[in-house]
Protein chains: 2
Amino acid sequence: MTVTLADVAARARVSPATVSRVLNGNYPVAASTRERVLRAVDELDYVLNGPASSLAAATSDLVGVLVNDIADPFFGIMASAAQSAIGESASGRAGGQKLAVVCNTGGSPERELTYLTLLQRQRAAAVILMGGSLEDPEHLAATAGKLAKLAEAGTRVVLCGRPPVPGDAHAAALVFDNRTGARRLAEHLLGLGHRRIGYVAGPADRTTTRHRLEGHREALAAAGVAEGPTVHGPYDRRSGHEATAELLARDPSLTAVVAANDTVALGVCAALRERGLSIPGDVSVAGFDDLPFSIDAVPALTTVRLPLHEAGVRAGRLAMGTEEAPAGGRDTVPAELLVRGSTAPPRG
Amino acid sequence: MTVTLADVAARARVSPATVSRVLNGNYPVAASTRERVLRAVDELDYVLNGPASSLAAATSDLVGVLVNDIADPFFGIMASAAQSAIGESASGRAGGQKLAVVCNTGGSPERELTYLTLLQRQRAAAVILMGGSLEDPEHLAATAGKLAKLAEAGTRVVLCGRPPVPGDAHAAALVFDNRTGARRLAEHLLGLGHRRIGYVAGPADRTTTRHRLEGHREALAAAGVAEGPTVHGPYDRRSGHEATAELLARDPSLTAVVAANDTVALGVCAALRERGLSIPGDVSVAGFDDLPFSIDAVPALTTVRLPLHEAGVRAGRLAMGTEEAPAGGRDTVPAELLVRGSTAPPRG
DNA sequence: TCCTCGATAGAAAGCGCTTTCTTCCGAGGG
DNA sequence: CCCTCGGAAGAAAGCGCTTTCTATCGAGGA
């Protein structure tokens, strides 16, 4: 029924071992023999049996990329970059064709763990975790344990946009400098003269949320300005929309709103506009991440750019072992303030 | 070193066969025995060897989801929906935990084929192809062949947003009614009084592009209105931005521009605005897909809504066999016109 | 001319699981 | 009281590949 290595071997009049060696290309095979084998493969339309191969070789060509929300371009961009970096470096066994796959955790710790187990089960060659994680100690410990076990089994572990697991030297980590980015953004607003700044934060208990909030507060504290109202919510426009009402209710004299990210900022803008407030005339708005649409917002969004594509590519390379792991196992990815039309001095 | 089924068996004082049966749960095992086995599994922290399991059982728990561009929310939303639908239906063997993975083809036929081969290699349980495909006959034939082979090997094949492969009864297909959607949109514009309508189409040779264009032309033809300038380009904002210049150069008297999708429409709006043209005062703009941000554009984008989430869920269910395949193997997903602020009658 | 060595190719032993075929055991039926 | 029968567990044969260990052959070197 299905064509096996043995069938190919028979047709090429060689042993199965030889066929395997031709296919994996890490053993000297005479050119004429190789030729014959490849022809047989072609004629029989043979496709390697992955499970069998993985079982025998004790490794697979699967690379898992875990993201919090695949429908969010923030992750889409990084995942896409990683996937192409992985697809390109076609080295290693079996033609080096790795199967880079992205798994959507939806931000749920359980699903994250489930996916990690599933990947462990598949003996994945590498795993990339993208985006911030929950800060629940229990979950952190569980994840750390899983990752350690994966690393131990030979799976390369890469963190991208997530702080390194304390006490885990196995994983290479690309850490986004959310704190500095948020600080710069707040400093920009303060520099413009804003003193009453609302903040629509991301979900509580997330590293990304906390770091951005901390950077924001640092700047305020340094300037001796009191912290404005803060509301937490998911990373979507609706959250920004709803939070704005809450923020305004708590402090009607706000002159600026900082959003957890650009998507949220869009919701903030919509809500502001519905109330007849102009941007940045009445209220300045700022986002984070510099997602593609943020430059097309009206007015264009002041935001903090994270080099998502570049980070994704690096994560992919690290996963493939194509790029040297950074010294100390971690490297910081800088955030850059982008001032655009949505922020201006407060109405005098 | 690594814990195997045999280790668990030894610890539970049963045979490997029994452990396997407990884990797969499709054979009578006495409650007390099951208990003992599960405890051993837990104590040893045993994780099933996926490749070995797949090899022996001749099936795997991998479900591949192929998308054209993972960074595009259009695909992200569908993929996310499919993935959660797949994650939820935890029936079948091995706890039924399927590993739903999304693969990014980048719209490249080669990569699409590569991924299909890789999934075939893994003996994937199902494959979902999302989004339009290239209309190149050669590629179409190659894909059809691959899909036939996959289906033959027991892999379920689902098409979502892509026309069914002619003469292929294996695949269930969810077809977006792009043609009708585009026609309605054009009719709307015509109804407002527009007679000079530019069109920024998607990449040539793509089914989605062609169907939308055809619907558009149908409406124009029915109304006896001459077709305006058309420019092709990728599905990104830059394309819309650049195409607008071209469109305006070809016909400076345009009163409306229809874009391939919402993202492109955003680029169109930006370009128009840069030229000092107001929307919809000087030029009306319409998008397609109703991506989340389109309602936050200023003005809000008139567009055609496709139920991406629902379609994704259905695709996931079809892949799991949880949902009955539609009669005739294909089902049409309706498109709904959404009139918002970006379209208005042309200036008098 | 004999022996050694490098380059290839083959034989065969698993890899860790699933599953068919058996075996075993206690409960009823005759 | 013996036999049959059904439920539960074990034995063992692979699943299709990789890889170590061997075998073979022709070319040089002594």
Side-chain angles (χ1 to χ4, degrees), chain A residues 1-38 40-41 44 46-61 92-97 120-123 125 153-154, chain B residues 1-38 40-41 44 46-61 92-97 120-123 125 153-154:
Chain A
M1 184 59 222
T2 45
V3 183
T4 73
L5 234 210
D7 298 331
V8 175
R11 186 172 239 272
R13 327 200 96 252
V14 296
S15 72
T18 301
V19 177
S20 173
R21 298 201 259 246
V22 168
L23 261 25
N24 291 300
N26 37 222
Y27 190 88
V29 174
S32 64
T33 312
R34 138 173 291 110
E35 183 80 7
R36 204 143 33 91
V37 170
L38 290 178
V41 165
L44 294 177
Y46 170 68
V47 174
L48 189 71
N49 183 315
S53 170
S54 296
L55 172 57
T59 68
S60 85
D61 43 14
R93 59 180 281 280
Q97 271 300 4
Q120 180 183 9
R121 195 178 272 193
Q122 301 298 330
R123 305 300 190 251
Chain B
M1 183 58 220
T2 46
V3 182
T4 72
L5 233 209
D7 298 331
V8 175
R11 186 172 239 272
R13 328 199 95 251
V14 296
S15 72
T18 301
V19 176
S20 172
R21 299 203 260 245
V22 168
L23 262 26
N24 291 300
N26 38 220
Y27 190 88
V29 174
S32 63
T33 312
R34 140 174 289 108
E35 183 79 7
R36 207 145 28 95
V37 170
L38 290 179
V41 165
L44 294 177
Y46 171 68
V47 174
L48 189 70
N49 182 316
S53 170
S54 296
L55 171 57
T59 67
S60 85
D61 43 15
R93 59 182 279 281
Q97 271 301 5
Q120 180 184 8
R121 197 176 269 193
Q122 300 298 331
R123 305 301 189 250

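In what follows, chains are A, B, ... by sequence order, proteins preceding strands, each numbered from 1. Note that the structure is predicted; figures quoted are calculated from it, not measured. All heavy atoms count here, side chains included; hydrogens, waters and symmetry mates do not.
- Atom CZ in B/Arg123 sits roughly 17 Å away from atom P in C/dT18 (whole-Å rounding).
- Across the protein-nucleic acid pair, B/Leu23 atom CG and C/dG16 atom C1' stand 13 Å apart, rounded to whole Å.
- Across every non-hydrogen atom of A/Tyr46 and A/Thr4, the tightest pair is CE1-C, 3.6 Å.
- Between A/Leu48 atom CG and D/dC15 atom P there is a gap of 17 Å when expressed in whole angstrom units.
- Counting to the nearest Å, the P atom of C/dA12 and the CG atom of A/Leu5 are 17 Å from each other.
- Of the candidates C/dC17, D/dT18, D/dG16, D/dG16 carries the atom nearest the A/Ala52 side chain, counting heavy atoms from C-beta on.
- Rounded to an integer number of Å, the gap from B/Gln122 CD to D/dC17 P is 13 Å.
- Distance B/Asn26 CG to D/dA8 C1': 15 Å, rounded to the nearest Å.
- A distance-only check finds a donor-acceptor pair linking the side chain of A/Ser60 to the backbone of A/Arg123 [under 3.5 Å].
- When the C1' atoms of four end pairs are superposed on the next four at each end of the helix from C/dT1-D/dA30 to C/dG30-D/dC1, using five pairs per end, the two resulting axes differ in direction by 50°, to 10°.
- Nearest heavy-atom pair, A/Asp61 versus B/Gln122, reported as atom, atom and distance to 0.1 Å: OD1-NE2, 3.1 Å.
- Taking atom CZ of residue A/Arg121 and atom P of nucleotide C/dG16, one finds them 16 Å apart after rounding to whole Å.
- Residues meeting the side-chain contact (heavy atoms from CB on, under 4.5 Å) test with B/Ser15, sequence neighbours left out: B/Ala17, B/Thr18.
- Within the 3.5 Å criterion, the main-chain N or O of B/Pro16 finds no donor-acceptor partner in the side chain of B/Ser20.
- With values rounded to the nearest 0.5 angstrom, A/Thr2 atom OG1 is found 12.0 Å from A/Leu44 atom CG.
- Pairs of residues two or more places apart, or lying in two chains, that qualify as salt bridge (Lys or Arg N to Asp or Glu O under 4.0 Å) and include a residue from residues 2-23 of chain B are B/Arg11-B/Glu43.
- Note on B/Asn24: a side-chain N or O is less than 4.0 Å away from OP1 or OP2 of C/dT18.
- Separating the CG atom of A/Leu55 from the P atom of D/dC17 is a distance of 11 Å, rounded to the nearest angstrom.
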For residues 27-38 of chain A, run the donor-acceptor check on the side chains, cut-off 3.5 Å, and write out each pair with its distance to 0.1 Å, sequence neighbours left out.
unit_1	atom_1	unit_2	atom_2	d
A/Arg36	NH1	A/Ala12	O	2.6

Tabulate atom names and distances for all N/O pairs under 3.5 angstrom spanning the protein and nucleotides 9-11 of chain D.
unit_1	atom_1	unit_2	atom_2	d
D/dA9	OP1	B/Thr33	OG1	2.2
D/dA9	OP2	B/Ala30	N	2.9
D/dA9	N6	B/Tyr27	OH	2.6
D/dG10	OP2	B/Ser15	N	2.8
D/dG10	OP2	B/Ser15	OG	3.0
D/dG10	OP2	B/Thr18	OG1	2.7
D/dG10	N7	B/Arg21	NH2	2.7
D/dG10	O6	B/Arg21	NH1	3.4
D/dG10	O6	B/Arg21	NH2	3.2

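- Applying the side chain to side chain contact (heavy atoms under 4.5 Å, CB included) test between B/Val41 and each of B/Leu5, B/Leu23, B/Val22 identifies B/Leu23 as the sole match.
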